[in-house]
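By convention in this document, chain letters (A, B, ...) are assigned in the order of the sequence lines, proteins followed by strands, and residues within each chain are numbered from 1.
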Protein chains: 2
Amino acid sequence: MLRKKNTQAAARLLPMFLVTLALCIPASHWAQQSAGKDPLPSWRDGQAKLAVLDFVRQVNDKSGPKYVKPEERIAAFDDDGTLWTEWPRHINQIQMVFARQRVKQVAKSHPEWKYQQPFKAILDDDDKDLARALTDFWNTMDLLRATHGGMTVDEFGSTVRSFVATVRHPRFKVPYTEVAYSPMVELLDLLRANEFKVFIVTSGGADFLRELSEPVFGVPRECVIGSTPEYEYRETQEGGYLVRKSNVETFNDKSSKAENFQLHVGRRPIFVAGNNDGDLALMGFAAGGKNPFLNVLIRHDDAEREFAYQDNTAKATEMARLRGWTVASMKNDFRVVFAFQQESDLP
Amino acid sequence: MLRKKNTQAAARLLPMFLVTLALCIPASHWAQQSAGKDPLPSWRDGQAKLAVLDFVRQVNDKSGPKYVKPEERIAAFDDDGTLWTEWPRHINQIQMVFARQRVKQVAKSHPEWKYQQPFKAILDDDDKDLARALTDFWNTMDLLRATHGGMTVDEFGSTVRSFVATVRHPRFKVPYTEVAYSPMVELLDLLRANEFKVFIVTSGGADFLRELSEPVFGVPRECVIGSTPEYEYRETQEGGYLVRKSNVETFNDKSSKAENFQLHVGRRPIFVAGNNDGDLALMGFAAGGKNPFLNVLIRHDDAEREFAYQDNTAKATEMARLRGWTVASMKNDFRVVFAFQQESDLP
């Protein structure tokens, strides 16, 4: 009897319970659930995925304490090592591959390069020597000046496009347009679907990445913030054009990433993804605002599917631990790394 | 008989004629016509209005020779004297009014200002002396350094917001948020409705205008390109913040407007509106591209409803004449100048 009575009471209460349940789950979550589609299928269930989904749900929840107005939903993503593979840095990182190719193309007019680093190492195809030479910041600047400047913005763009059309990743043997991390591309889509405005904040060249940002990441040229040369405006009878001078005007790394974010965007980001100490200022900038924020640090710990390395990550790792920022392990949190890898191949 | 036969033939041909007519008018134009709404009601019919409507129609016409892909529909607007009133420059221009108020607020800690221009002229309320002092570029820089720097980005923003909330235009006696030109606000709306991305490219301070660009012009903070100080990133236990240092890092005028457009946007504009020689490089940059473009030069020739002046316009006027760029006369092409002026008051 007791049993039956309880059952009847439960039956009476059930509709009310369902209504209450419905009211507790925000509409966007409902939409997601009812569509029955996981917006991050390349992520394994775990703390990182949960943190991301939770954050997106909360900034959307108008009645909750973490609601953020759409115009303030600004996301900043590092690219190299965060959105796509860059390792080993002086060997496989796309802009370095471009610079090395450029050096070989124009070496004939620079006989002195046989005796000058980092050019000598590039001409000798000596990767170890190159890596050593580029530990000197000024050698890197010399390489950028020699290969990225002294031409018009239009010429530079077409040079990069020609390069991208033919180059293959040395290890993965696919075009560089395919070495984006699938989980991160899904994350960009998820944020945009939730009214985030996404910027790429790279220490690489802005004009270089602008030739790739839209097709690979869906990020338009005007949302790329990066290192830049000095530009010089010139005119002919027909109209004006811009020259990329040979100096590096802005090297967009570390505190410059936060400073240039203000220059370009004029708002704090509330979502930052990066993979090393170079992204720490941008994460700190997000953390210092009044809005809720999420910082995600990508950990490269998957030698099998990508690479395992910890260079230049000591401070970022410590800060993430101290402040409870989210760490995404490529080995554990990424179900798929690259779209070209078959899931059946996965460990 | 002949007459009747012709009429019958015409009747038979009429449906075919109508179909042909329909096919010749692009869908967007049809939509506009059928909605029966003039998208630029504050413009008088004339060459300037026609040039704008024609350009917008043509970049939308996929089958026409002037079609432009939506992602390349980039518009750049000067603000002072183009989107809203700035005259007389050192007296009524909003940022100058702000600077003058700031000087008076902090003058107690600067006893030396009594003897230094341009501060002396401001403290003496001597507009003629101030105008004279500010013909020296470095006096203007000194004024900006003293009033816009040495505080955090957040502090600066709230200082500007407090100023904007209370200040009235000296001549028109309305808040500065109401001295936008109605025809230009309509033009911004028309472009956005046709998938243009609109940027404001000001020689004024980017962070200053960012407090006004969204509410007054519907242009988000991240689409404002302007003069900027050096920023410095600093950190506390809680997170990071940015300080506006006292130097002027970029003064965004003339060729810098084109150079900084590349820095921020990475594309050429195809629509530029300006009002003086400071906007000429940006117009030349648009003219030098492969896409069709429209440059519009606003002429201040309406002393009754606004101001009549030609300072700093000689080159721009000559270039517009030589290259056939569009000139919009405020007197002749603007049916309404400000929303607060009654149309019945108009000349």
Side-chain angles (χ1 to χ4, degrees), chain A residues 71-72 74 153-154 157 197 199 206-207 209-211 213-214 220-226 228-244 249-250 254-268 280-290 293 322-323, chain B residues 71-72 74 153-154 157 197 199 206-207 209-211 213-214 220-226 228-244 249-250 254-268 280-290 293 322-323:
Chain A
E71 62 266 31
E72 294 177 3
I74 302 288
V153 163
D154 297 331
K197 193 159 187 175
F199 293 84
D207 289 340
L209 191 62
R210 280 170 174 160
E211 300 301 333
S213 62
E214 173 87 48
R221 305 173 75 89
E222 58 271 26
C223 294
V224 173
I225 303 168
T228 47
E230 187 182 338
Y231 297 109
E232 185 182 295
Y233 180 70
R234 293 187 196 162
E235 282 211 341
T236 66
Q237 278 291 90
E238 284 73 40
Y241 63 97
L242 289 170
V243 173
R244 292 171 56 91
E249 175 96 347
T250 307
K254 299 187 176 155
S255 60
S256 294
K257 284 200 170 184
E259 291 152 4
N260 285 326
F261 205 76
Q262 178 62 28
L263 175 67
H264 284 256
V265 184
R267 306 185 201 257
R268 285 178 199 255
L280 210 41
L282 206 47
M283 293 182 174
F285 190 40
K290 284 176 187 157
F293 68 94
L322 280 175
R323 299 192 175 176
Chain B
E71 63 267 29
E72 294 177 5
I74 302 287
V153 163
D154 297 331
K197 194 160 189 177
F199 293 84
D207 289 340
L209 190 63
R210 280 168 173 161
E211 299 300 334
S213 63
E214 173 87 48
R221 304 173 75 90
E222 57 270 26
C223 294
V224 173
I225 303 168
T228 46
E230 187 182 337
Y231 297 108
E232 186 183 296
Y233 179 69
R234 292 187 195 161
E235 281 211 344
T236 66
Q237 278 292 91
E238 285 72 40
Y241 63 97
L242 288 170
V243 173
R244 292 171 56 92
E249 175 95 348
T250 308
K254 300 187 176 154
S255 59
S256 294
K257 283 200 171 184
E259 291 152 4
N260 286 326
F261 206 77
Q262 178 62 27
L263 174 67
H264 285 256
V265 184
R267 306 185 200 258
R268 287 179 198 254
L280 211 40
L282 206 48
M283 292 182 174
F285 190 39
K290 284 177 187 159
F293 68 93
L322 280 175
R323 299 193 175 175

For chain A, find which of [options] contributes the most heavy-atom pairs closer than 4.5 angstrom.
| options | answer |
| --- | --- |
| B:R267, B:E249, B:K257, B:R234 | B:R267 |
| B:L263, B:I74, B:D207 | B:L263 |
| B:M283, B:K254, B:E71, B:K197 | B:K197 |
| B:C223, B:S256, B:G289, B:G240 | B:G240 |

For this session: Only counting residues at least two apart or in another chain, list the ones meeting side-chain contact (heavy atoms from CB on, under 4.5 Å) with A:A286.
Result: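 For A:A286, the residues satisfying side-chain contact (heavy atoms from CB on, under 4.5 Å) (neighbours in sequence not counted) are A:P269, A:V272, A:F293, A:N295.
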
Per-residue contact mode, [X] against chain A (heavy atom under 4.5 angstrom):
| X | result |
| --- | --- |
| B:A258 | both |
| B:Q237 | backbone |
| B:E238 | backbone |

Chain B contact via [X] - side chain, backbone, both or neither, heavy atoms under 4.5 Å:
| X | answer |
| --- | --- |
| A:S255 | both |
| A:A206 | neither |
| A:T236 | backbone |

Exercise. Going through the checks in order, is the side chain to side chain contact (heavy atoms under 4.5 Å, CB included) test met by A:Q262 and B:T228?
Worked result: CA-CA 10 Å; A:Q262 178 62 28; B:T228 46; over 6 Å; no

Exercise. Can you list the residues that meet the ring pair (Phe, Tyr, Trp, His ring centres under 6.0 Å) rule with A:Y231, with sequence neighbours excluded?
Worked result: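 Result, ring pair (Phe, Tyr, Trp, His ring centres under 6.0 Å) vs A:Y231: none returned.
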
Exercise. Quick one: which of A:V153, A:L242, A:D154 gives a side-chain contact (heavy atoms from CB on, under 4.5 Å) with B:R268?
Worked result: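 Only one of A:V153, A:L242, A:D154 forms a side-chain contact (heavy atoms from CB on, under 4.5 Å) with B:R268, namely A:D154.
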
